[in-house]
Amino acid sequence: MEFDEVKRVHYPAFTVIGKLGEGLAEDGPSWVPPLWQLANEHFEELASVVKEDGVPTFHLWGLMSDQSSWLAPWQEVGQYLAGLEVPGDTPTPEGWIRWEMPSMEYLTVKTDVDKLGETMEWIFTKVLPENELELVAAVQEYYEADFGPGEVVLYFPIAKE
């Protein structure tokens, strides 16, 4: 299998407002997609307040955290926020959840949702050990508006600032 280029990036602190769900980590494929459906049905509630130079911006994140420890990788029960990156001063509408993400260093790789398992295994068994790096928080998913179906960038947090 071939993989896209792995990049090391610094991502400053950011805010995401979205729809939150939680469930057994092993059952993520059954409870995460409905969160995206719910968020997609209601993103217009945020679109009017999220503009960059007068144009709506859509930086979508699938943020993960273990239920028992903020931003830790999923163990038994995970939390997932399907949401939109927004300016920090954006009000949180009723029925939405806000997560303030800290500034972090990440390894990133673009992949396809059908290859998530293979990509994660490659990062955990090859890339991190060969570079003497350790995961310090849960892996996050990033979706750009112009991505094709199933394209995603995985963000592997490797150092907190």
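Position 1 is the first residue of the sequence; numbering continues from there.
Here the side chains of I17 and P93 are in contact, with some heavy-atom distance below 4.5 Å. Put simply, the side chain of F124 reaches to within 4.5 Å of the side chain of V139, judged on heavy atoms. A 4.5 Å side-chain heavy-atom check between V86 and F14 finds every atom pair outside the cut-off. When side chains are defined from C-beta on, V6 counts as touching W122, because their heavy atoms get closer than 4.5 Å. Proximity of P157 to E105: side-chain heavy atoms (C-beta onward) are nowhere separated by under 4.5 Å. Taking the side chain as every heavy atom from C-beta outward, V153 and T111 never approach each other to under 4.5 Å.
Listed here is the closest heavy atom pair of G95 and K19: O-NZ, 2.8 Å. Closest approach of P129 to I123, counting heavy atoms only: CD-O, 4.0 Å. The minimum heavy-atom distance linking Y155 with V9 is given by the pair CE2-CG2, 4.1 Å. Across all their heavy atoms, A82 and A39 have their closest contact at O-CB, 3.7 Å. Scanning all heavy atoms of the two residues, the minimum distance from H42 to L38 falls at CD2-O, 3.1 Å. Scanning all heavy atoms of the two residues, the minimum distance from W74 to V32 falls at CH2-CG2, 4.1 Å.
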**Report entry** Check against side chain to side chain contact (heavy atoms under 4.5 Å, CB included), L81 and V16
**Finding:** CA-CA 8 Å; L81 185 72; V16 172; 3.8 Å; yes
**Report entry** L63/M101 under side chain to side chain contact (heavy atoms under 4.5 Å, CB included): CA gap, chis, key distance, verdict
**Finding:** CA-CA 9 Å; L63 300 179; M101 298 297 291; 3.7 Å; yes
Query - Residues Q67, Q79; criterion side chain to side chain donor-acceptor pair (under 3.5 Å); working and verdict - result: CA-CA 6 Å; Q67 177 195 39; Q79 295 183 322; over 6 Å; no
Requested in this report: Run the numbers on I97 and T92 for side chain to side chain contact (heavy atoms under 4.5 Å, CB included), then give the verdict.
Outcome: CA-CA 7 Å; I97 300 294; T92 307; over 6 Å; no
Query raised in the report: Checking side chain to side chain contact (heavy atoms under 4.5 Å, CB included) for the pair L154/Q140: CA distance, chi angles, key distance, verdict?
Result: CA-CA 6 Å; L154 297 176; Q140 310 302 343; over 6 Å; no
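Between the side chain of D66 and the backbone N or O of Q75, at least one donor-acceptor pair lies under 3.5 Å. Put simply, the side chain of S65 gets close to the backbone of L71: a donor and an acceptor are under 3.5 Å apart.
Counting non-hydrogen atoms of neighbouring residues, nucleotides and ligands closer than 6.0 angstrom, the CD atom of E76 reaches no more than 12 such neighbours.
Residue L24 is found in a hydrophobic cluster whose other members, listed by chain and number, are V77; membership requires side-chain heavy atoms under 4.5 Å apart, directly or through intermediates.
In this view, W99 and W70 satisfy the ring-ring contact (aromatic ring centres under 6.0 Å, His included) rule, not counting sequence neighbours. Not a single side chain to side chain contact (heavy atoms under 4.5 Å, CB included) links P33 to another residue, sequence neighbours left out. Judged as a ring-ring contact (aromatic ring centres under 6.0 Å, His included), and not counting sequence neighbours, F147 has no contacts. With sequence neighbours excluded, the residues forming a salt bridge (charged side-chain N to carboxylate O under 4.0 Å, His left out) with E151 are K110, listed by chain and number.
The salt bridge (Lys or Arg N to Asp or Glu O under 4.0 Å) analysis of residues 91-101, with sequence neighbours excluded, yields the pairs R98-E100.
With rounding to the nearest 0.5 Å, the separation of CG in D112 from CD in E118 is 10.0 Å. Distance check, rounded to the nearest 0.5 Å: CD1 of I158 to CG of L135 gives 9.5 Å.
Of the candidates Y80, Y142, W36, Y143, W61 forms a ring-ring contact (aromatic ring centres under 6.0 Å, His included) with just one, namely Y142.
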